Amino acid sequence: MLNIIVCAKVVTDPEAPVSTFKIDPEGRRVLPAQGVPPVLNPYDENCLEAALRIKELHQCKITVISLARSLPKAVVKKCLAVGADDLVVLEDDLFEDIDGNTTACLLAAAIRKLGEYDLILAGRMAADTNAGQVGPGVAELLGIPSVTVARKIEVNDGRVKVERVLADGHEVVEASMPCLITVSHELGELRSATVKELMAAQKQPFTTWQARDLAVEISSSKRSKALRLYKPEREVTCEIVAAETPEEAGANLALKLQQLRQI
Amino acid sequence: MLDQTSQWYKLQYPECFVNEEQRMMQKVFADFTDREIMPVRDKLDDDVTHEEIITPILKKLQVDLGCQKNAIPKDYGGNQLPLVACALKQEQIGRGDYGISMHSACTEWGWVPVMLAYLSPPPTGKAWAKAVLDEFAPRFVGNELRVACVNMSETESACDIENPLNESRTVGVRAKLEGNEWVINGNKFWASNAGIADLNCVVCNMDPRQGIDAFTLIYVPEPLPGVSHGKFEVKCGMQSDRNTSTYFDNVRVPREWGIQGPEAWAIFQNTLAAPMPLNSAHAVGILQGAFDTLLEYTGQRVAGGKPINQHLSAAAILGEMASVITVGRAAFLELAHEYDHMDIYGPWDSVSMVAKGHAVHVFTTGKLPELILKGMELMGSYGYVRENHYEKYYRDAAVAKLVLGGVQLGYFATCRQFYDLDYSSFGPGKLQKPA
Ligand SMILES: Cc1cc2nc3c(=O)[nH]c(=O)nc-3n(C[C@H](O)[C@H](O)[C@H](O)COP(=O)(O)OP(=O)(O)OC[C@H]3O[C@@H](n4cnc5c(N)ncnc54)[C@H](O)[C@@H]3O)c2cc1C
């Protein structure tokens, strides 16, 4: 039986209007947005979907691990409702404001503690930081190969065949298991849970571990520090290209773009 | 975008009424509404064939999420959802479109009589429920879109049928037993899902002179010889909810699909009570949808030198809406919670529960139209244009008030808690009791 581990982060809804995004430049932190709900990181939803597709073809156990200072259970239990077998919640006040390296250390420790694993799936990046560090970091710490930005995953005879997204298409990569794959949105949306599955998920027990269960020295694992946090200034100026006819307008626009070295 | 972590949310949906499982479902329905209904809510009423937009949405809600089995007992593969969860669902879907939520709610309603009978001790009701569930539940727990309907109203005053003091003597559809079959004749009108239903719970009477003793509930599947329909009514919106007449012309069904007499009457009275918290939740959802639209618009539109929501006259309307939402929500949650705990609060058809149910229902649905109309003024001409998403709530609000016997009957039922109000349709200057 394959043991698949899915790393899933809870983020504030990235679809929220830009106007709700507020920062504290002095404290170098993002302020909690009013009225914006927490959701599963969309790329992590893609991961879970990848795991569920593998489960449709192979005997599998899917364990989801989620880490935060405090996790909204209704959000993470959705993973159980759609078909994950186990949920491990890593929660501790010490997990406040940790960086990518610490997160990777904690996740790797939790995965080691879980024991056997064949495949670890993580999102290509978290929608709140867009850093994309944690997945490969976990692979590095566990000493296993990693493949990034997958859009399709096939499992066969102890190996994975992965289609990786490239700027101009895709490439096919193979790796032996155990390995870690980061998943991109091209893989497809997470399926919905039915009312019945939601009810069943509610009754399913889950595991909670704290920092002390993982034996990770959090103070020394923090490697990155925000030097400055700011919202980029964007200026929009509009100029109407004057012309008598559409043809003339096209020609004038081309000229203007050339002058601005845009074409 | 429902943020279940905010303090406002916690105050609106307190833990004493909403448990974690119900919260999870609420979030799923809220997301469903935001994703599937909101982007097309101004186009739903134009989808007259239902093929383009409405049926695909209904399939996702009823089949993929599994809502068409919400009121089917767990023993039959159903969800057997508590009323609080159903109400939270209706509020969220109603925020997007009352027609879609009504369609879904009425499929649930169609199963309420057998679900109640199945879960209650009396053996006759249980046997009836078992026969109906054995035959029809498998169709509803599968992967095809299925629709149920409570076919009760008739062209001659539906309120008279819903008025309990009339003891079903105004029901015009006749049922008679011939050997091992029920034979049904007569016409029904107005039922939600009529004409598209796979299964009808038909409200009949065998002999109006005998009132409750001859009252009958019979499940009639479709298609079936003798069952036909008129055209779908064209209404002030609510396209997703089909209403039409149903004609029964010597329709024959097996005896075990029907139940008769006082037990059937009690099941019917409970069935009439069931939608009180649900339609109240619809009303709150409609008002929330209107409020959200208004809040966004009045925050952006500058008139009289400042955003409209900064004018105190506008703030007073917005504040009034928020206060009715808050009170309405608290009321429907409390009511649904009480329904879910019959062991503590008593049966749904007791005088007090009926009074309470109607009191909540009349308040929430009755407040809607006037408030939403007031809000329309804040949007000026933009308010009555479909693509600005406000006027639909105005139309939905007007309809929400008409269901379940309307406001007057609701007030009368509430008064019955305090004194013996006679509002039956029979007596001097009114109808003659059937001789
Ligand atoms: C959206 C919607 C969904 C519906 N769904 C269903 C359904 O699923 N199944 C179904 O069977 N029916 C359904 N109905 C019908 C509904 O139950 C009836 O329309 C409703 O009860 C009113 O009946 P009526 O239209 O015949 O009005 P009438 O009975 O003609 O009443 C008209 C007016 O008279 C008032 N009135 C009635 N009796 C009295 C009295 N004794 N004293 C003073 N005033 C009185 C009423 O309050 C009302 O204002 C639905 C209606 C709507 C609008």
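Residue numbers start from 1 in every chain, and the chains themselves are labelled A, B, ... in the order their sequence lines are given, proteins ahead of strands. Remember, predicted model here, so these are calculated numbers, not experimental data.
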Find the distance between [atom1] ([X]) and [atom2] ([Y]) and round it off to the nearest 0.5 Å.
X: A:Gln34; Y: B:Asp3; atom1: CD; atom2: CG; result: 8.5 Å
X: A:Leu80; Y: B:Met24; atom1: CG; atom2: CE; result: 7.5 Å
X: B:Asp31; Y: A:Glu15; atom1: CG; atom2: CD; result: 11.0 Å
X: B:Met1; Y: A:Thr20; atom1: CE; atom2: OG1; result: 7.5 Å

Do other residues, nucleotides or ligands put more than 12 heavy atoms under 6.0 Å from the [atom1] atom of [X]?
X: A:Lys55; atom1: NZ; value: yes
X: A:Glu56; atom1: CD; value: yes
X: A:Lys73; atom1: NZ; value: yes
X: A:Lys203; atom1: NZ; value: yes

*Please flag which part of A:Ala16 lies under 4.5 Å from any non-hydrogen atom of chain B: side chain, backbone, both or neither.*
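Contact with chain B: backbone and side chain both.
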*Could you tell me which portion of A:Lys77 (side chain, backbone, both or neither) has an atom closer than 4.5 angstrom to a non-hydrogen atom of chain B?*
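A:Lys77 touches chain B through backbone and side-chain heavy atoms alike.
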Measure [X] against the heavy atoms of chain A and call it side chain, backbone, both or neither at under 4.5 Å.
X: B:Phe29; answer: side chain
X: B:Asn70; answer: side chain
X: B:Asn79; answer: both

*Report the option among A:Gly35, A:Ala81, A:Ser192, A:Ala33 that has the most heavy-atom pairs separated by less than 4.5 Å from atoms of chain B.*
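Max contact count across the listed options: A:Gly35.
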Got [X] and [Y] here, is their nearest side-chain heavy-atom distance under 4.5 Å?
X: B:Met25; Y: A:Met199; result: yes
X: B:Lys69; Y: A:Lys196; result: yes
X: B:Thr5; Y: A:Pro32; result: no
X: A:Val195; Y: B:Leu81; result: yes

*Shortest non-hydrogen separation from B:Lys27 to A:Pro38 and the atoms involved*: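 Result for this residue pair: CE-O, 4.4 Å.
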*For B:Leu65 against A:Ala193, the heavy-atom pair lying closest together*: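 Minimum heavy-atom separation between B:Leu65 and A:Ala193: CD2-O, 3.1 Å.
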*asked:* Out of B:Glu20, B:Arg23, B:Gln80, return the one with the most heavy atom pairs under 4.5 angstrom to chain A.
replied: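 The candidate making the most pairs under 4.5 Å is B:Glu20.
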